[in-house]
**Q** 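Have a look at the structure that comes next, please.
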Amino acid sequence: MKTLEKVNYKGFIWPLIVGIVLWCITPWRPSGLSVQAWQMFAVFVATIVGCITKPLPIGGTTLAGLVVTVLVGLAPMKDVTNAKGMVVNQGVLSSFGNSAAWLIAMAFIMAHGISKTGLGNRIAYIMIQKFGKRSLGIGYAITGLELILGALIPSNSARTGGVVWPVVESVSKEGYDSKPDDASRKKIGAYIDFTAFHANILSTALFITGAAPNMVAQQLAAQKGYQMSWAGWFFTAIVPVAVLAVIIPFVIYKMYPPEIKETPDAKKWADEKLAKMGPMSTPEKIMMSVFILSIVLWVLSGFFKIPQLDATFVAFLAVTILMTTGVLTMQDALKETGAWNILIWLSILMFMAGKLISYGFIDWFSKLVQNGLHGVSWGFVLAILVLLLFYTHYFFASGTAHMTALYLPFLSVAVATGAPLDLSAMLLAFTGAINASTTHYANGPASILATTGYVKQGEWWKMNFVLGLIYMIIFGTVGVLWMKIIGLW
């Protein structure tokens with residue numbers, strides 16, 4: 001007998017309470033806001049709360065928010081045009097033409113090829129083979145692996161769950177009998193488990209396609225007039241991330257030292273794995289070639305602004321090549337549910353954020369704060385906004401929800417007080433990547449690696465607090481100075 005799928009009905013309670021309360025106080029809304037602006041704010045906030053409480057998966061939650069938006073008359077289904085054919089009210093169906101969402105969807109399908117061909121595992125084993133003689137070396141190897149995978153796999157959770165965590169587990173258990181949930185965890189497993197998490201933060205910060213919150217920042221910054229390209233993000237992030245890639249594994253090694261310092265067996269283990277895989281297969285070679293081609297075209301599109309090399313088109317081109325060469329099939333693409341899931345929810349959230357702008361809510365908010373901070377230097381304001389964006393992540397279990405809720409208002413406030421748009425947009429975007437260094441529920445990789453049994457929750461919070469300070473110091477000094485050198489402000 002068929003049964004109904006489980007639904008977290010309790011998760012609807014807070015979104016409904018928040019949405020209804022905000023909607024009901026529309027007559028007493030702040031002066032200067034239209035009815036539509038306040039009501040759109042109510043629906044948007046309720047949707048974000050739903051992304052946190054998760055009555056449905058994020059795709060279902062945002063669809064519910066979209067349905068409510070249409071039902072209450074805040075947006076039509078189709079674009080409304082005037083007599084001259086100009087769009088005067090954007091319809092919700094137009095939201096699914098969001099280029100960033102399609103870019104990530106295609107990148108997810110490309111990542112399926114990395115997994116299917118075995119290229120990701122081969123890269124992991126080679127890294128361990130070359131740098132695995134000492135436990136600190138394994139920490140750097142895991143970091144290097146993540147930085148490579150950050151360009152290959154656009155989902156931070158997929159990188160951790162699909163490639164890095166299996167390597168961490170195999171090295172720990174098979175190589176050194178370091179098991180979770182017992183005293184042996186500190187032999188080496190705890191160290192490389194925790195290092196793997198921070199390597200993921202660095203890979204997320206290095207590439208605009210490193211995780212969904214980065215793409216949210218890209219889309220929202222564009223609404224303020226700042227365009228983030230793949231190449232632009234990479235070259236802005238490369239120096240602070242390189243500094244952190246050297247510092248973080250060493251700091252963790254000193255703060256959370258493994259009992260085993262020398263790891264000569266790691267190379268043997270990696271050799272055995274590579275021998276079992278055999279020589280690089282034809283699908284792997286094609287996958288590697290397509291990946292390199294994509295990187296080259298993304299860089300060219302960022303530097304030379306070639307219309308035909310739009311970043312999203314490059315991703316479509318890569319997937320098409322992979323299909324026509326037989327590396328991937330259409331069934332592979334259809335089975336990559338993460339691609340279609342993100343296409344739905346990211347498109348919807350960006351549409352709703354756009355409505356907040358068109359109805360004037362964001363301008364009203366930035367002017368309100370600007371008046372309140374009159375006379376305060378923009379540097380001080382920007383520093384406070386970075387701290388707020390970092391530490392408010394303790395209240396969020398989703399980086400995407402967090403960035404969608406706060407990035408655009410914070411960017412608007414920074415610019416309104418005189419801060420350079422380019423500097424503010426990038427610094428806040430990077431903060432959205434590094435603020436995962438807070439809790440064991442900060443993002444998908446945290447949920448994976450903090451629950452393996454290698455690192456205790458108290459250890460996770462204490463060490464992350466220290467490392468979070470290091471991230472902010474490096475991005476706030478080295479990062480800001482580098483952005484000055486390259487002319488970003």
Side-chain angles (χ1 to χ4, degrees), residues 96-127 129 144-164 166-167 203 206-212 215 229-231 234 273-304 306-343 346:
F96 296 104
N98 184 282
S99 62
W102 277 105
L103 170 59
I104 297 179
M106 292 300 104
F108 263 81
I109 296 170
M110 288 174 63
H112 185 87
I114 302 292
S115 175
K116 181 181 178 180
T117 61
L119 180 61
N121 286 334
R122 184 179 296 276
I123 293 171
Y125 300 146
I126 290 173
M127 294 294 292
Q129 181 190 53
L145 171 62
E146 261 288 356
L147 292 177
I148 293 172
L149 294 176
L152 291 164
I153 302 174
S155 165
N156 53 357
S157 297
R159 292 197 300 275
T160 294
V163 180
V164 177
V167 171
S203 67
L206 185 57
F207 301 101
I208 196 169
T209 50
M215 304 301 287
S229 67
W230 190 94
F234 177 80
K273 292 291 187 181
L274 286 168
K276 187 176 180 180
M277 289 189 75
M280 184 175 282
S281 65
T282 299
E284 282 182 275
K285 292 177 181 177
I286 296 173
M287 186 68 243
M288 177 64 80
S289 300
V290 171
F291 166 68
I292 293 172
L293 174 65
S294 300
I295 295 297
V296 170
L297 294 179
W298 275 330
V299 171
L300 289 175
S301 70
F303 275 108
F304 299 106
I306 303 173
Q308 291 85 348
L309 296 184
D310 174 82
T312 305
F313 169 76
V314 171
F316 272 99
L317 175 64
V319 171
T320 301
I321 295 173
L322 292 174
M323 287 187 177
T324 54
T325 54
V327 174
L328 292 176
T329 67
M330 193 62 202
Q331 286 300 313
D332 289 327
L334 293 174
K335 289 177 182 176
E336 191 57 45
T337 56
W340 312 116
N341 184 43
I342 201 169
L343 178 64
L346 182 57

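Both backbone and side-chain heavy atoms feed into the values below; hydrogens, waters and symmetry mates do not.
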**Q** Taking it one step at a time, do V290 and T325 satisfy side chain to side chain contact (heavy atoms under 4.5 Å, CB included)?
**A** CA-CA 11 Å; V290 171; T325 54; 5.8 Å; no
**Q** Determine the minimum heavy-atom distance between V327 and P283, stating which atoms define it.
**A** CG2-O, 4.2 Å
**Q** Atom CG in L149, atom CG in N156: separation rounded to 0.5 Å?
**A** 12.0 Å
**Q** Please report the interatomic distance OG1(T282) to CD1(I286), rounded to the nearest 0.5 Å.
**A** 6.5 Å
**Q** Do the side chain of W102 and the main chain of F313 share a donor and acceptor less than 3.5 angstrom apart?
**A** no
**Q** Find out whether M106 and V314 are in side-chain contact, i.e. whether some heavy atom of one side chain is under 4.5 Å from a heavy atom of the other.
**A** no
**Q** Using every non-hydrogen atom in the two residues, find where H112 and E336 come nearest and quote the distance to one decimal.
**A** ND1-OE1, 3.0 Å
**Q** For L297, does its backbone N or O pair with a side-chain atom of W230 as donor and acceptor, under 3.5 Å?
**A** no
**Q** Roughly how far, to the nearest 0.5 Å, is CE of M280 from CG of L274?
**A** 10.0 Å
**Q** Would a distance-only check, ignoring hydrogens and angles, find a side-chain to backbone donor-acceptor pair under 3.5 Å from R159 to G210?
**A** yes
**Q** Looking at every non-hydrogen atom in both residues, tell me the closest pair between G150 and S203 and how far apart they are.
**A** CA-CB, 4.1 Å
**Q** Rounded to the nearest 0.5 Å, how far apart are CE of M110 and CD1 of I321?
**A** 9.0 Å
**Q** So E284 and M277, do their side chains get closer than 4.5 Å, heavy atoms only?
**A** yes
**Q** Quick one: closest heavy-atom pair of M323 and T329, and the distance?
**A** CE-O, 3.9 Å
**Q** Between A339 and A105, which heavy-atom pair has the shortest distance, and what is it?
**A** CB-O, 3.3 Å
**Q** Indicate yes or no: at least one non-hydrogen side-chain atom of I109 is less than 4.5 angstrom from one of L322.
**A** no
**Q** Quick one: CE on M288 to CG on L293, what's the gap to the nearest 0.5 Å?
**A** 13.5 Å
**Q** Going from CG on L328 to OG1 on T117, what distance comes out if it is rounded to the nearest 0.5 angstrom?
**A** 8.5 Å
**Q** Find out whether T160 and E146 are in side-chain contact, i.e. whether some heavy atom of one side chain is under 4.5 Å from a heavy atom of the other.
**A** yes
